[in-house]
Number of protein chains: 2
Amino acid sequence: MPAKTRTPRNTLSPELIVRTALDLMEGQGTDAFSLRGLAAELGVGPMALYTYFRNKDDLYDAVRDHLMGLIPPVPEGVAWPDQVRAVCRGLRALMLQHPCLAQLLAGRPLSGHETARVAEGLLGVLRSAGFDAQTAARTHTTLFTYVLGATSWEIQMAAERQDPQERRRLRATIESLSPTEFPTVVELTPELSRTTGGDEQFDYGLDLLLAGLQRGQQASG
Amino acid sequence: MPAKTRTPRNTLSPELIVRTALDLMEGQGTDAFSLRGLAAELGVGPMALYTYFRNKDDLYDAVRDHLMGLIPPVPEGVAWPDQVRAVCRGLRALMLQHPCLAQLLAGRPLSGHETARVAEGLLGVLRSAGFDAQTAARTHTTLFTYVLGATSWEIQMAAERQDPQERRRLRATIESLSPTEFPTVVELTPELSRTTGGDEQFDYGLDLLLAGLQRGQQASG
DNA sequence: ACGGTGTACTATACACCGTACGGTAGACGT
DNA sequence: ACGTCTACCGTACGGTGTATAGTACACCGT
C-alpha cells in the first residue's frame with residue numbers, strides 16, 4: 001500500500017523547485033521573487049507548485065531548511081570557543097553566500113530537519129563545555145540572534161553600497177547633519193562606514209560575547 | 001518668496017499620515033499594511049499620499065524616524081556601562097511597544113534626524129568612556145545589531161506563540177525530532193522555549209557584550 | 001485488456017497591491 | 001479678476017498569491 005507517496009510523475013519535484021527558487025532569489029533578489037516567475041522558469045503554470053507546497057511561506061521554509069543543510073558540522077578536536085566560532089562563522093558565511101537566507105531566517109519561525117541539526121551542534125558544544133541547561137539555551141539564543149542581526153545588517157549595507165541612488169541618498173543624509181548637533185556621528189562617519197561589515201567587525205562582536213562567556217565561566221566554575 | 005513651502009491646505013499632513021500609518025501597522029500587523037488601506041482610513045484616494053511621500057518606502061522611512069524620536073535620551077550621571085544598557089534597553093522597549101519597528105529597521109537603510117540622534121547618544125557614551133574612534137564605531141555597530149537581532153527574534157517568537165496554527169506546527173516539528181539524532185535539542189526544548197525572549201534573555205546577551213567590553217578595556221588601558 | 005481511481009498539472013478568476021498618468025477645483029500672488 | 005500652483009481625485013496597468021474547477025494520464029484490481 002504505497003498510497004500517500006507523492007511520486008513525482010513528470011518534470012517537477014520538491015528538490016527541483018527548491019533549487020530553482022534558490023537560483024531565482026539569488027539571481028534577481030529575494031524581493032523580486034514570485035511564485036509566478038518561478039513557475040514560468042520551470043515551464044509550468046503557477047498552480048502546479050501547490051501540489052508540492054501549501055503556499056509561498058511553505059516554499060520559503062523548504063528553501064531555508066535546504067540552505068541550513070549546507071552549514072558544515074561542528075569541528076572536532078578544538079577548544080569549545082573555537083567550535084562556537086566555527087559554527088557562527090559558518091552560518092554567517094552561508095548568509096553572505098546566499099543573501100536570501102537572511103530574509104528567510106528573519107521572517108519565518110524556525111523549523112525543519114537541517115535547522116535542528118545546526119541547533120543540535122551548537123547546543124551540544126555548549127553543554128560539553130560545562131554550561132548548565134539554562135545557560136546553554138540562553139547562550140545559544142544570544143549567539144544565534146547576534147549572528148542573524150549582525151550578518152543581516154552587513155548584507156543590507158553591502159546591497160545599498162552597490163545601489164548608486166542609495167549611495168547618493170546616504171551621502172546627502174550624512175552631509176545634512178549639523179556638526180554641532182551630532183559632533184560624534186560626523187566625526188566618526190569615516191570609521192563607521194569603514195568598520196561596517198567585514199570579517200573583522202563580525203569577529204569583534206563575536207569575541208566580545210565569547211570573552212564575556214569565558215569570564216562568566218571562570219567566575220562560576 | 002515662500003515658494004516651496006508645502007502648506008497642507010486641507011485635511012492631510014505628513015504628521016497625520018505617519019501617525020495613522022503607525023496606528024494601522026500596530027493594529028492589523030505590518031504585513032497587512034497597505035497604502036490603499038491607509039488612504040481609506042484617512043478618507044482620501046490612494047494617490048493623495050503621493051503628494052507627501054515619494055513612495056511606500058519613503059513613508060516607511062518617515063514612520064521609522066518618527067518612532068526613533070521616541071527613544072529617551074542617554075541618562076546622565078551614571079557609569080558608562082549603565083548608559084549603554086539604558087540606550088539598548090530603550091531601543092528594545094520601543095521595538096516591543098511598536099513591533100513594526102523591527103521590520104522597518106531591518107528592511108531599509110538608516111536615515112533621518114532622529115535616527116542620527118540615537119547614534120549620537122551611543123557613540124558619545126563610548127567615546128567618553130575612552131574608546132578610540134575605531135573601537136567606538138565597532139562597538140556601536142555590534143550593540144546595535146545585537147539589539148536589532150535579539151529583539152526582532154523575540155517579537156517574531158511572541159507573534160508565533162499567539163497564532164494557534166503556528167503553535168501546533170511548532171509542536172509537531174519538535175515532536176518529530178528523533179531523540180537519538182538530536183538529543184540535546186530534545187533535552188533542552190523546555191529551556192529553549194522558556195528562555196526565548198524576555199528581559200532576562202536580552203540582558204543576558206547584553207551583559208555578555210558589556211563584560212567582554214570591560215575586559216578588553218581593562219587589558220588595553 | 002480495460003474501466004475506475006487518484007493525482008500531476010492547467011485554466012480561469014478574484015481580490016488586492018503599488019503607482020504612473022491625466023484631470024479638476026480651489027487657494028493664492030499679482 | 002486672472003493665471004498659476006497644488007492638493008487631491010479617477011482611472012488604469014501590470015503585478016501578486018491563491019481558491020476553485022477541470023483535464024489528461026499513470027496506475028491498479030478485475
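Order of the sequence lines fixes the chain letters, A, B, ..., with proteins taken first and strands second; residue numbering starts at 1 for each chain. These numbers come from a predicted model, not from an experiment.
- Remark: the backbone N or O of A/Ala48 is paired with a side-chain donor or acceptor of A/Thr51 at under 3.5 angstrom.
- Separating the CZ atom of A/Phe53 from the P atom of D/dT18 is a distance of 13 Å, rounded to the nearest angstrom.
- The backbone N or O of B/Arg108 lies less than 3.5 Å from a partner atom in the side chain of A/Gln156, making a donor-acceptor pair.
- The closest side-chain heavy-atom distance from B/Phe202 to B/Cys88 is below 4.5 Å.
- Side-chain contact annotation: A/Gln201 with B/Thr142, donor-acceptor N/O pair under 3.5 Å present.
- Panel note: side chain B/Gln134, backbone A/Glu191; no donor-acceptor pair is recorded below 3.5 Å.
- Contacts between residues 21-30 of chain A and DNA chain D, defined by a heavy-atom separation below 4.0 Å, involve no residue at all.
- Of the possible polar contacts, one joining the B/Thr141 side chain to the B/Ala137 backbone as a donor-acceptor pair under 3.5 Å is found.
- Taken over five-pair windows at either terminus, the axes of the helix from C/dA1-D/dT30 to C/dT30-D/dA1 are inclined to one another by 0° (rounded to 10 degrees).
- Classification of the A/Phe182-B/His113 ring pair by plane angle, with boundaries at 30° and 60°, yields perpendicular.
- What separates CG of A/Leu59 from P of D/dG17 is a distance of 10 Å, to the nearest Å.
- Side-chain N/O atoms of B/His98 and B/Glu26 include a donor and acceptor closer than 3.5 Å.
- Side-chain polar atoms of A/Thr20 and A/Glu41 form no donor-acceptor pair below 3.5 angstrom.
- Rounded to an integer number of Å, the gap from CG of A/Leu42 to P of C/dT10 is 10 Å.
- As judged by a 4.0 angstrom heavy-atom cut-off over every strand, B/Ala48 is placed among residues touching the sugar-phosphate backbone only.
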**Message:** Across nucleotides 14-24 of chain C, 5' to 3', mark each nucleotide with B, S or - according to how protein heavy atoms within less than 4.0 Å reach it.
**Reply:** ---BBBBB---
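- In this structure, a donor-acceptor pair under 3.5 Å is present between the side chains of B/Thr139 and A/Tyr204.
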